[in-house]
Chemist: 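Submitted below is the structure of interest, expressed as structure tokens.
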Amino acid sequence: MAPSKFNSTDSFGHGDAGVSRPHSENGFGDSLSLLQSEKAVQEILQQTPVHGSDDHLIEFSEALRTVAKALRRAAEGKAAAQAEAAEWKRRFELERARNLRLENKGNGICEKLRSWWMQTSVNNGMGLIRLVLPCLLCWEIWKEQDRRLYEEQSFKENNSVSEGGRLENSTSQPVLLNQEREHSNRACLEHGICSHEVLQDAKDVDSNMVNNKIMKKASFKLSWRCKGENSDQHKHDIVYFERGNITTAERSSKQISLKWESPPQTVVILTKPNSNSVQILCAQMVRWLREQKKLNIYVEPRVRAELLTESSYFSFVQTWKDEKEILLLHTKVDLVVTLGGDGTVLWAASIFKGPVPPIVPFSLGSLGFMTPFHSEHYKDYLDSVLRGPISITLRNRLQCHVIRDAAKNEIEIEDPILVLNEVTIDRGISSYLTNLECYCDNSFVTCVQGDGLILSTTSGSTAYSLAAGGSMVHPQVPGILFTPICPHSLSFRPLILPEHVTLRVQIPFNSRSPAWASFDGKDRKQLAPGDALVCSMAPWPVPTACQVDSTDDFFRSIHDGLHWNLRKTQSSFDVPLDV
Ligand SMILES: NC(=O)c1ccc[n+]([C@@H]2O[C@H](COP(=O)([O-])OP(=O)(O)OC[C@H]3O[C@@H](n4cnc5c(N)ncnc54)[C@H](O)[C@@H]3O)[C@@H](O)[C@H]2O)c1
Ligand SMILES: Nc1ncnc2c1ncn2[C@@H]1O[C@H](COP(=O)(O)OP(=O)(O)OP(=O)(O)O)[C@@H](O)[C@H]1O
């Protein structure tokens, strides 16, 4: 017997036996020491001769064995949890790196600028500042590329003035526009946010050749209207600590105004399918925009075929052939017109995986929360939009990634999906409750047991999220709505989270059935146990033109679309009250 060895073992079975017990924050040291403790216990037991008569010792050694087993299980559990955490971290890093690559590719911004840009996108809460920062930084580089390109072109091409006296993109215009743009760039640097970063890629400009003429995107400037424009009180970008007083940041929800700095030249018209009235209006609009406004017009391949069936007159209408061309559409198009309901606006947004040109949504559906323009007056509306300035609503989108457990060892993950309304994770055809573990950044939020969960933008707050009991939120409010669908709990109220968070919805391995994700009501994807959906605010909002302004249009849509709080007015007393 070696009692001294037992003496040095504590009540949890941690014998010293040459084993130190390091404390570490991440717990790896603890796991190691637990395993070592088990080994030490086994050694002690082997070295200790136990005689049949020593019942208490047999009992004691059994107890030690049990303790050792429990220690091993605890250590293994901890190691598994740590491995899982490390795996998640790795996937996040992969995803983040991929996001950065994608965004930089679409934007033509170098990596260094990008990291600086992310750090600098302080508080404006709309992701919009992210548009201007690369614009300002790349300005000098771009200006030089742009100057060279247009100087070359001005030698090659002749002046040409089209029928309506409007300058096409030819020799004199580039020089003129170059000066204008240099001037406007300076103005942008001083006051506002310009669209130039979308225009600056010389490769894209090269590819925009129509009838041997370079088509350039119209440049515009965004500015924020606010009452206190001339007072210093409203000029702060970040929280100020002037003379020890804390003042709040400049409000991000002011009305945004878009002013064209060069006239729009190219329009894409997107239409709801299977509707005669839409088809007729589309043909009329194409004719008017071409004859009266001398614009280049793009439509979807299906619509071009429809127009050509009607008349060969429409052969000037352009379209695209494949996905690759669609990806470049934003570099060619100044304005998007939609003819349909909210679904057509969602469709239009889904076509643009990166920057989105301003959208003018005409209402030809039953409801129209995002379609404030009435089609009967399309000429007046388009006339005023093309002249500018126009009020716009910058509608944030959510960027969603599905992360497959089965693909954890692969470098490439599925492409991100951008949604304008919401991403829904539900039980699909399964009759079991969903079991969705939700995390917000590094914090556990809750486990959704019910029919599912909606992660919605504020634009989508009047859609599915509203039907599931979520609040209606003005579309300029920067936030993400977290709305459960039929939760089996009395206390599960919907949340609105800040726009900067990253949400992760994880299907646990012990889930009874897979879940299903759908994106703006489309593209259903199965999420197996172990899979996750990661969602954050996308850097590319959808600018939609307002009929009046963001706020007026919002109230009009909830009054007209939902008859919000409509009630017969209570009658007054017939006899006046004695006051
Ligand atoms: N129970 C529900 O309310 C429910 C169920 C499924 C989908 N939806 C919504 O339908 C959307 C897809 O729309 P769709 O037109 O392609 O499908 P759809 O043709 O089935 O139309 C769905 C309805 O939702 C309305 N809608 C869409 N976006 C809206 C918004 N931002 N605000 C208010 N209403 C809006 C549309 O006008 C339409 O009436 C989804 O994004 C989802 O929000 C709602
Ligand atoms: N250009 C398009 N190509 C393919 N599908 C489209 C296109 N435009 C719209 N859709 C789809 O057609 C469906 C109906 O469109 P939309 O919601 O605009 O019309 P609606 O149903 O008549 O309007 P409302 O819902 O207001 O009555 C939607 O599911 C939408 O995604």
Side-chain angles (χ1 to χ4, degrees), residues 268-279 281-282 298-307 319-320 326 329 336-352 359-375 393 395-398 400 417-428 450-477 481 483-486 494 516-524 535 541-542 544 550 553-564:
V268 59
I269 303 176
L270 299 171
T271 60
K272 158 174 99 169
N274 310 320
S275 162
N276 286 337
S277 54
V278 167
Q279 215 172 311
L281 178 67
C282 178
Y298 278 84
V299 294
E300 289 171 270
R302 162 186 58 86
V303 179
R304 186 168 193 274
E306 284 166 6
L307 288 171
T319 189
W320 48 88
I326 296 182
L329 201 58
V336 181
V337 170
T338 62
L339 307 180
D342 292 320
T344 311
V345 179
L346 297 176
W347 177 264
S350 74
I351 283 185
F352 296 94
I359 298 182
V360 189
F362 283 93
S363 144
L364 283 112
S366 63
L367 284 180
F369 285 81
M370 297 188 282
T371 58
F373 294 96
H374 299 296
S375 54
T393 303
R395 297 177 183 276
N396 280 313
R397 288 195 284 183
L398 295 176
C400 312
I417 303 170
L418 297 176
V419 292
L420 175 54
N421 267 355
E422 77 286 285
V423 53
T424 305
I425 304 108
D426 60 33
R427 62 190 171 85
D451 279 358
L453 173 71
I454 301 168
L455 300 177
S456 170
T457 62
T458 45
S459 289
S461 70
T462 43
Y464 198 1
S465 169
L466 172 76
S471 188
M472 291 194 286
V473 188
H474 189 298
Q476 291 281 198
V477 176
L481 282 81
T483 312
I485 310 170
C486 298
W516 291 84
S518 59
F519 307 85
D520 283 344
K522 299 220 176 331
D523 300 335
R524 254 171 128 56
C535 177
V542 177
T544 56
S550 268
D553 284 11
F554 173 64
F555 286 125
R556 202 179 289 220
S557 72
I558 60 173
H559 288 145
D560 296 353
L562 293 173
H563 306 296
W564 180 60

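Every number for a ligand or one of its atoms is a count from 1 in the order of the listing.
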Chemist: Distance below 4.0 Å between atom 2 (C) of ligand 2 and any protein heavy atom?
Modeler: yes
Chemist: For the side chain of Asp342 and the backbone of Phe369, is there at least one donor-acceptor N/O pair under 3.5 Å apart?
Modeler: yes
Chemist: Check for me whether Gly341 has a heavy atom closer than 4.0 Å to any atom of ligand 1.
Modeler: no
Chemist: Select the closest option to atom 15 (O) of ligand 1 among Gly343, Ser557, Ala468, judged by heavy-atom distance.
Modeler: Gly343
Chemist: Which residues pass the ring pair (Phe, Tyr, Trp, His ring centres under 6.0 Å) test with Phe554, not counting sequence neighbours?
Modeler: His474
Chemist: Measuring from Ile558:CD1 to Thr462:OG1, what's the distance to the nearest 0.5 Å?
Modeler: 8.5 Å
Chemist: Kindly indicate whether atom 18 (P) of ligand 1 is approached by any protein heavy atom to under 4.0 angstrom.
Modeler: no
Chemist: Are the side chain of Thr544 and the backbone N or O of Ile359 linked by a donor-acceptor pair below 3.5 Å?
Modeler: no
Chemist: Measuring from Ser461:OG to Leu481:CG, what's the distance to the nearest 0.5 Å?
Modeler: 6.0 Å
Chemist: Closest heavy-atom contact between Thr344 and Leu270?
Modeler: CG2-O, 3.8 Å
Chemist: Can you check whether Gly343 has an N/O within less than 3.5 Å of an N/O in ligand 2?
Modeler: yes
Chemist: Could an N or O of ligand 2 be found under 3.5 Å from any N or O of Gly341, whether backbone or side chain?
Modeler: yes
Chemist: Give a yes-or-no answer on whether the side chains of Arg395 and Thr457 include a donor-acceptor pair shorter than 3.5 Å.
Modeler: no
Chemist: Distance check, rounded to the nearest 0.5 Å: Phe373 atom CZ versus Leu339 atom CG?
Modeler: 12.5 Å
Chemist: Could you tell me the separation between the CG atom of Asn396 and the CD atom of Gln476, rounded to the nearest 0.5 Å?
Modeler: 8.0 Å
Chemist: If you have a sec, work out which protein heavy atom is nearest atom 34 (N) of ligand 1 and how many Å separate them, to one decimal?
Modeler: Phe369 CD1, 3.3 Å
Chemist: To the nearest 0.5 angstrom, please state how far the CD1 atom of Ile485 sits from the OH atom of Tyr464.
Modeler: 4.0 Å
Chemist: Does the plane of the ring in Trp320 sit parallel, tilted or perpendicular to the ring in Tyr298? Use 30° and 60° as the thresholds.
Modeler: parallel
Chemist: Please report the interatomic distance SG(Cys282) to CD(Glu306), rounded to the nearest 0.5 Å.
Modeler: 8.0 Å
Chemist: Who are the side-chain hydrogen bond (donor to acceptor under 3.5 Å, both in side chains) partners of Asp451, not counting sequence neighbours?
Modeler: Arg427
Chemist: Which protein non-hydrogen atom lies closest to atom 29 (O) of ligand 2, naming both residue and atom, and how far is it?
Modeler: Lys522 NZ, 3.0 Å
Chemist: Counting only non-hydrogen atoms of the protein, does one fall under 4.0 Å from atom 13 (O) of ligand 1?
Modeler: yes
Chemist: Could you report the tightest heavy-atom contact between Gly561 and Leu367, atom names first, then the distance?
Modeler: O-CD2, 3.4 Å
Chemist: Is there a polar contact, in the sense of an N or O pair closer than 3.5 Å, between Pro273 and ligand 2?
Modeler: no
Chemist: Can you find a heavy atom in the side chain of Arg302 that is under 4.5 Å from one in the side chain of Pro273?
Modeler: yes
Chemist: Among all protein non-hydrogen atoms, which one is nearest to atom 25 (O) of ligand 2, and what is the separation to 0.1 Å?
Modeler: Ser366 OG, 4.2 Å
Chemist: Starting from atom 11 (C) of ligand 1, locate the nearest protein heavy atom and write down its residue, its atom name and how far away it is, to 0.1 Å.
Modeler: Asn421 ND2, 4.0 Å
Chemist: Under a 4.0 Å heavy-atom limit, does Ala463 contact ligand 1 with its side chain, its backbone, both, or neither?
Modeler: both
Chemist: Establish whether atom 32 (N) of ligand 1 and some protein heavy atom are separated by less than 4.0 angstrom.
Modeler: yes
Chemist: For atom 35 (C) of ligand 1, what's the nearest protein heavy-atom neighbour? Residue, atom name and distance, please.
Modeler: Asp342 OD2, 3.5 Å
Chemist: With a cut-off of 4.0 Å, which atoms of ligand 2 are near a heavy atom of Arg302?
Modeler: 1 (N), 2 (C), 3 (N)
Chemist: Give a yes or no answer on whether the side chain of Lys272 reaches the backbone of Leu364 with a donor-acceptor pair at less than 3.5 Å.
Modeler: yes
Chemist: Quick test: of every protein heavy atom, which one is nearest to atom 40 (C) of ligand 1, and how far off is it to 0.1 Å?
Modeler: Glu422 OE2, 3.3 Å
Chemist: Under 4.0 Å from atom 26 (N) of ligand 1, do we find at least one protein heavy atom?
Modeler: yes
Chemist: Looking only at heavy atoms, is any part of Thr462 under 4.0 Å from ligand 1, and if so is it the side chain, the backbone, or both, or is it neither?
Modeler: both
Chemist: Backbone N or O of Val477 within a donor-acceptor pair of the Thr458 side chain at under 3.5 Å?
Modeler: yes
Chemist: Taking all atoms of both residues into account, what is the closest heavy-atom pair of Ser456 and Leu398, and its distance?
Modeler: C-CD1, 4.0 Å
Chemist: In ligand 2, which numbered atoms sit nearer than 4.0 Å to a non-hydrogen atom of Gly340?
Modeler: 18 (O)
Chemist: Could you tell me whether Ser459 approaches ligand 1 through its side chain, its backbone, both or neither, with non-hydrogen atoms closer than 4.0 Å?
Modeler: backbone
Chemist: For atom 16 (O) of ligand 1, grab the closest protein heavy atom and report residue, atom and distance to one decimal in Å.
Modeler: Lys522 NZ, 3.6 Å
Chemist: Using modelled atom types and a 3.5 Å cut-off, is there a donor and acceptor pairing between side-chain atoms of Asp520 and backbone atoms of Glu422?
Modeler: yes
Chemist: Closer than 4.0 Å and a protein heavy atom, does any atom meet both conditions relative to atom 23 (C) of ligand 1?
Modeler: no
Chemist: Heavy-atom contacts under 4.0 Å between Thr344 and ligand 2: side chain, backbone, both, or neither?
Modeler: both
Chemist: Any protein heavy atom lying closer than 4.0 Å to atom 2 (C) of ligand 1?
Modeler: yes
Chemist: If you scan the protein for heavy atoms around atom 38 (C) of ligand 1, do you find one that is closer than 4.0 Å?
Modeler: no
Chemist: Atom 43 (O) of ligand 1: protein heavy atom closer than 4.0 Å?
Modeler: yes
Chemist: Do any heavy atoms of Leu367 fall under 4.0 Å from ligand 2?
Modeler: yes
Chemist: Just to be sure I read this right, does ligand 1 sit under 4.0 Å from the backbone of Leu420, its side chain, both, or neither, counting only heavy atoms?
Modeler: neither
Chemist: Looking at Thr271, which atoms of ligand 2 are within less than 4.0 Å of one of its heavy atoms?
Modeler: 1 (N), 2 (C), 7 (C), 8 (N)
Chemist: Between Tyr464 and ligand 1, does any nitrogen or oxygen pair lie at a separation below 3.5 Å?
Modeler: yes
Chemist: Check ligand 1 against Leu367 and write out every atom of the ligand that is under 4.0 Å from a heavy-atom position of the residue.
Modeler: 37 (O), 39 (O)
Chemist: Closest non-hydrogen protein atom to atom 22 (O) of ligand 2, residue and atom name please, with distance?
Modeler: Lys272 NZ, 2.7 Å
